[in-house]
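Sequence lines set the chain letters: A, B, ... in the order given, protein chains first and strands last, and positions in each chain run from 1.
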Number of protein chains: 2
Amino acid sequence: MHDHAATHDHGCGGAQEAIARAERLCRERDLQFTRLRRDVLAAVAGQTRPMGAYDIAEALSEPGRRVAAVSVYRALDFLTEHGLVHRIASRNAFVSCGHAHTDGAGLVFLICRNCGTIDETTSPEVEDQLGRTLAKVGFKPTSRILEVEGECGACRLRSADD
Amino acid sequence: MHDHAATHDHGCGGAQEAIARAERLCRERDLQFTRLRRDVLAAVAGQTRPMGAYDIAEALSEPGRRVAAVSVYRALDFLTEHGLVHRIASRNAFVSCGHAHTDGAGLVFLICRNCGTIDETTSPEVEDQLGRTLAKVGFKPTSRILEVEGECGACRLRSADD
DNA sequence: TTGGTGATGATACACTGTAACACTCGGCCA
DNA sequence: TGGCCGAGTGTTACAGTGTATCATCACCAA
């Protein structure tokens with residue numbers, strides 16, 4: 001397959017997998033994977049675009065059940081804390097984690113200006129250089145966010161077709 | 001002095017310099033550096049921590065003059081557009097640009113968890129590796145944000161003193 | 001049973017950002 | 001001179017994002 005490690009494994013099919021991984025992780029760590037948390041994860045994992053907390057709340061609400069945004073935020077706190085979803089700071093929105101990795105280190109988010117999808121990769125080289133740069137200025141990192149906006153591969157091909 | 005290129009030149013003294021640079025830039029590009037824009041820049045440049053738009057509005061308001069947040073946002077739009085201040089996405093806040101560079105490319109923001117100050121550097125090496133990584137996955141970048149949270153050099157020394 | 005803990009529901013609120021409209025001020029042109 | 005136009009600003013209202021607080025429920029342990 002393609003030569004880049006991390007690509008869309010969100011998108012409909014990805015939701016099943018994301019939930020399976022979450023269940024496994026919660027069993028291992030003795031955490032509660034409740035219905036709300038599962039539903040929030042499913043909603044986020046069913047999209048290739050980032051969802052706002054209020055979007056999620058609306059998506060989960062139905063005639064019989066009203067899910068308030070605050071509940072969604074709590075579920076998202078849980079999910080982000082355990083690396084199952086990520087927050088996209090530049091969009092105030094959330095995406096499900098496409099990786100199987102445990103710690104959220106070294107992630108790069110690729111946000112397409114055209115189609116809005118978010119892809120996620122890691123780059124040890126970037127990580128490495130960044131670590132070196134930080135060491136040089138005497139800064140001890142605990143977390144970092146790296147978000148790139150631009151045009152994704154699919155959209156570039158599509159616009160080349162014109 | 002220290003071996004890292006970019007360090008605090010905000011902080012009180014930096015405000016004068018930031019304004020001087022802004023005036024120069026606006027003259028060059030035939031832009032209006034109005035009182036409001038100058039005051040907003042001064043407020044931001046007088047701090048080493050990021051300021052929220054509402055903080056700025058409050059700081060500029062006095063008995064005789066009420067500055068509404070929306071006015072501050074407009075001034076900030078202008079200032080960010082021309083690279084005079086930067087928005088810190090992870091904090092919904094703004095800092096004045098410590099560099100003399102023109103385009104906002106390759107910036108790294110260092111946010112201290114302890115004292116809250118924000119430092120700014122650039123790293124061609126990180127930039128370079130990131131470009132390579134993006135090329136590999138076929139993503140064409142237009143802008144990026146890179147924000148690192150952790151402990152700054154000053155705070156590390158201070159905590160080592162204990 | 002009682003008490004504690006973690007998750008959820010519900011309301012209210014604080015903070016962040018934008019839309020829409022009116023007004024002023026300066027420059028420009030008839 | 002007078003009128004027009006555009007940029008900047010003031011003002012109000014509102015949309016979107018996130019948190020504080022308290023009540024309730026389920027579950028487990030003493």
- Query: Does Glu125(B) have any side chain to side chain donor-acceptor pair (under 3.5 Å) partners at least two apart in sequence or in another chain, and if so, which?
  - Reply: Ser123(B)
- Query: To the nearest Å, how far apart are Arg91(B) CZ and dC15(C) P?
  - Reply: 16 Å
- Query: Looking at residues at least two apart in the chain, or sitting in another chain, which of them share a salt bridge (charged side-chain N to carboxylate O under 4.0 Å, His left out) with Arg132(A)?
  - Reply: Asp128(A)
Could you go over nucleotides 28-30 of chain D and give all protein N or O partners under 3.5 Å, atom names and distances?
none

- Query: Does anything in residues 41-54 of chain A pair up under salt bridge (charged side-chain N to carboxylate O under 4.0 Å, His left out), and if so which pairs, sequence neighbours excluded?
  - Reply: none
- Task: Spell out protein contact along nucleotides 17-28 of chain C as letters: B when the base is contacted, S when just the sugar-phosphate is, - when no protein heavy atom is under 4.0 Å; keep the 5' to 3' order.
- Result: BBBB--------
- CG of Asp55(A) versus C1' of dA15(D): gap in Å, rounded? 13 Å
- Note on the structure: Contacts of Glu127(A) meeting salt bridge (charged side-chain N to carboxylate O under 4.0 Å, His left out) (sequence neighbours excluded), chain-then-number -> Arg144(A)
- Output the residues of residues 32-41 of chain B in contact with DNA chain D, where contact means a heavy atom of the residue under 4.0 Å from an atom of the strand; sort by number or write none. Gln32(B), Thr34(B), Leu36(B), Arg37(B)
- Message: Can you tell me how far apart CD1 (Ile88(A)) and CD1 (Ile118(A)) are? Round to the nearest 0.5 Å.
- Response: 4.0 Å
- Item | Donor-acceptor contact present, side-chain Gln129(B) to main-chain Gln129(A), <3.5 Å | no
- Atom CD of Glu58(B) to atom C1' of dT16(C): distance rounded to whole Å? 15 Å
- Just how far, in rounded Å, is C1' of dG8(D) from CD of Glu81(B)? 14 Å
- Qualifying residues under side-chain contact (heavy atoms from CB on, under 4.5 Å), relative to Gln32(A), sequence neighbours excluded: Thr34(A), Arg37(A)
- Asp39(B): what forms a salt bridge (charged side-chain N to carboxylate O under 4.0 Å, His left out) with it, not counting sequence neighbours? Arg35(B), Arg65(B)
- Quick note, salt bridge (charged side-chain N to carboxylate O under 4.0 Å, His left out) partners involving residues 78-95 of chain A, not counting sequence neighbours, are Arg91(A)-Glu149(A)
- Message: For residues 56-80 of chain B, which residue pairs pass the ring-ring contact (aromatic ring centres under 6.0 Å, His included) check, not counting sequence neighbours?
- Response: Phe78(B)-His82(B)
- Message: With a 4.0 Å cutoff (strictly under), does any side-chain N or O of Ser71(A) reach OP1 or OP2 of dG9(C)?
- Response: yes
- Item | Atom pair distance, as rounded to whole Å: CG in Leu76(A) and C1' in dG18(D) | 11 Å
- Item | Distance, rounded to the nearest Å, where Met51(B) contributes CE and dC15(C) contributes C1' | 15 Å
- Measure from CZ on Arg65(B) to C1' on dT11(D) and round the result to the nearest Å. 15 Å
- Query: When the distance from CZ of Phe78(B) to P of dG8(D) is rounded to whole Å, what number comes out?
  - Reply: 7 Å
- Task: Would you list the pairs meeting ring-ring contact (aromatic ring centres under 6.0 Å, His included) in which at least one residue belongs to residues 139-159 of chain B, sequence neighbours left out?
- Result: none
